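Heads up, the thing below is written out as structure tokens.
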Amino acid sequence: MYFVIMGCGRVGSALALSLEQQGHEVAVIDQDEAAFRRLGPSFEGRRVTGLGFDRDTLIQAGIRDTYAFAAVSSGDNSNILAARVARETFDVEHVVARIYDPGRAEIYQRLGIPTVATVRWTSDQVLRRLLPQGAVPTHTDPSGRIMLTEIPPHSSWVGTSLRRMEEAAGARVGYLTRLGEGMLPAVDTVFQEGDLVQFLVGTDRLTAVEALLTSPRPHDL
């Protein structure tokens, strides 16, 4: 798959190198050309000098072909603006933004842009929001038979009760994160836009569960 990353600091460079090591194609945007030195000489992806919220810069980086976009520069405003341009102008479905201010992070979660305040931020957390989620499990039991993994349901599942989703997928909801706060689902909890849902899944059924939940909701559910 193809990824575009805005910001070539410690998080952005680590994310770019990790994605490339996993066989993906990556473009990195930074307004400081010297920042690309963090990628090292072996990095084969694109290095694009410019502002990550500028349309022409994003097009040069290949935003029209990208699977996911991560805004991880040092500025909240730049990250949010770039994330919104990627989502709203170029229709990138998988977008994540790094936010230093936890209060702001909650606001932008409501806009459907997954955000994590910097005190909790690691490149692993970015990967869990960009990659097909079975590739980066949160936890696997010692036998390797049960996995806790974040699966991003298709937008058409918004408004569906988590119990209905569990029945359809044959999986359990372990917990969900809403507006930056973890919560255990109640009987009547409904999936909302921006929710991050952790499912308990048998490893032998992970592919089927992901295929169901990341696709448009079937009409008979």
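Because the structure is predicted, anything quoted here is derived from the model rather than measured. Values below: all heavy atoms of this structure, side chains included; hydrogens, waters and symmetry mates excluded.
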If you take all heavy atoms of [X] and [Y], which pair is closest and at what distance?
X    : Y    : result
L162 : P185 : CD1-CB, 3.6 Å
A82  : M6   : CB-SD, 3.3 Å
V209 : A169 : CG2-O, 3.4 Å
V48  : F36  : O-CZ, 3.4 Å
P152 : T214 : O-CG2, 3.5 Å
P218 : L212 : CG-CD1, 4.0 Å

Item checked: Residues L176, R178; criterion side-chain contact (heavy atoms from CB on, under 4.5 Å); working and verdict -> CA-CA 6 Å; L176 68 130; R178 179 173 292 171; 3.9 Å; yes
Item checked: R87 and V92: CA distance, side-chain angles, deciding distance, side-chain contact (heavy atoms from CB on, under 4.5 Å) verdict -> CA-CA 5 Å; R87 170 69 62 81; V92 179; 5.9 Å; no
Atom pair [atom1] ([X]) and [atom2] ([Y]), whose distance is rounded to the nearest 0.5 Å:
X    : Y    : atom1 : atom2 : answer
I151 : L196 : CD1   : CG    : 13.0 Å
L206 : E210 : CG    : CD    : 4.5 Å
E93  : T66  : CD    : OG1   : 12.0 Å

Is there a side-chain contact between [X] and [Y], using heavy atoms and a 4.5 Å cut-off?
X    : Y    : value
F69  : F3   : no
S42  : E20  : no
M165 : L213 : yes
R64  : I59  : yes
Q60  : D56  : no
I29  : L58  : yes
E193 : S155 : no
V173 : Q198 : no

Next item on the list: Give a yes-or-no answer on whether the side chains of Y2 and R46 include a donor-acceptor pair shorter than 3.5 Å.
Entry: yes
Check: Are side-chain N/O atoms of S73 and R98 paired as donor and acceptor at under 3.5 Å?
Finding: no
Hey, does the side chain of [X] reach the backbone of [Y] with a donor-acceptor pair shorter than 3.5 angstrom?
X    : Y    : result
D195 : Q192 : yes
S156 : R217 : yes
S13  : G9   : yes
R172 : F199 : no
W157 : F191 : no
R164 : S161 : no
T189 : A186 : yes
N79  : A97  : no

Next item on the list: Give the cluster check for Y175 versus V190: same hydrophobic cluster or not, with ILVMFWY residues linked at side-chain heavy-atom distances below 4.5 Å.
Entry: no
Item checked: Neighbour count above 12 (heavy atom, 6.0 Å) for Q31 CD -> no
Next item on the list: Give a yes or no on whether R47 atom CZ has more than 12 heavy-atom contacts from other residues, nucleotides or ligands under 6.0 Å away.
Entry: yes
Check: Passes side-chain contact (heavy atoms from CB on, under 4.5 Å), T203 versus M147? Steps please.
Finding: CA-CA 6 Å; T203 52; M147 178 183 295; 3.9 Å; yes
Check: Which is it for I5 and L19 under the side-chain contact (heavy atoms from CB on, under 4.5 Å) test, yes or no, and what are the steps along the way?
Finding: CA-CA 10 Å; I5 299 167; L19 286 168; 4.1 Å; yes
Item checked: R55: partners by side-chain hydrogen bond (donor to acceptor under 3.5 Å, both in side chains), with sequence neighbours left out -> none
